[in-house]
Amino acid sequence: MRPSTLRALKRAAELTRQNRLTEAVLIAEPVILTADSYEGDEILHWLADHVADFTGENHDEPKELP
């Protein structure tokens with residue numbers, strides 16, 4: 001995953017925890033929509049593994065992807 005993509009996802013997670021969902025979507029959506037299929041898969045896995053980054057909750061195991 002490109003460093004800029006990872007930074008955008010981390011910033012979106014931070015904004016989500018601050019209840020600033022609209023801003024989070026404005027940052028993450030363009031990155032997700034412009035990703036190629038390989039990076040899209042990496043993003044999907046990163047999001048599944050980092051649910052707690054967005055919710056602030058602690059999860060013992062990463063969620064399984066569909």
Side-chain angles (χ1 to χ4, degrees):
M1 178 181 335
R2 294 175 291 167
S4 59
T5 299
L6 184 56
R7 278 193 308 273
L9 294 174
K10 287 181 177 182
R11 179 66 178 141
E14 179 182 331
L15 291 168
T16 300
R17 287 191 308 274
Q18 297 172 5
N19 293 320
R20 296 166 60 188
L21 185 58
T22 302
E23 292 171 80
V25 170
L26 289 173
I27 289 173
E29 184 179 37
V31 172
I32 293 168
L33 292 176
T34 58
D36 61 21
S37 63
Y38 179 77
E39 188 173 40
D41 288 343
E42 289 181 324
I43 290 170
L44 185 60
H45 288 284
W46 188 89
L47 290 171
D49 289 343
H50 292 87
V51 170
D53 293 352
F54 288 85
T55 64
E57 298 174 4
N58 291 324
H59 296 280
D60 293 333
E61 297 178 19
K63 300 241 181 209
E64 218 172 286
L65 298 174

**Asked** For L47, what residues pass the side chain to side chain contact (heavy atoms under 4.5 Å, CB included) criterion, not counting sequence neighbours?
**Response** L9, I43, F54
**Request:** List for me each residue that meets side chain to side chain contact (heavy atoms under 4.5 Å, CB included) alongside N19, sequence neighbours excluded, and say none if there are none.
**Result:**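 N19 satisfies side chain to side chain contact (heavy atoms under 4.5 Å, CB included) with no other residue.
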**Prompt:** In the hydrophobic cluster built from side-chain contacts under 4.5 Å, what are the other members alongside L15?
**Reply:** I27
**Complete:** Under a side-chain separation threshold of 4.5 Å, the hydrophobic residues clustered together with L21 are V25
**Item:** Test item: H45 and E42 side chains (from C-beta on) under 4.5 Å apart, heavy atoms
**Value:**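 The answer is no, as the side chains (C-beta and beyond) never meet within the 4.5 Å cut-off.
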**Message:** Using the rule that Ile, Leu, Val, Met, Phe, Trp and Tyr join whenever any side-chain heavy atoms are under 4.5 Å apart, tell me whether M1 and V31 fall into a single cluster.
**Reply:**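 No, because M1 and V31 fall into different hydrophobic clusters, even though each may have its own neighbours under 4.5 Å.
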**Prompt:** Any idea which heavy atoms bring P30 and L26 closest together, and the distance?
**Reply:**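 Where P30 meets L26 most closely, the heavy atoms are CD-O, 3.2 Å.
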**Taking every non-hydrogen atom, the tightest pair across A12 and A28** = CB-CB, 3.8 Å
**Message:** Show me the pairs that pass salt bridge (charged side-chain N to carboxylate O under 4.0 Å, His left out) and involve residues 4-13, at least two apart or across chains.
**Reply:** R11-E14
**Item:** With E29 via side-chain hydrogen bond (donor to acceptor under 3.5 Å, both in side chains) - residues at least two apart
**Value:** none
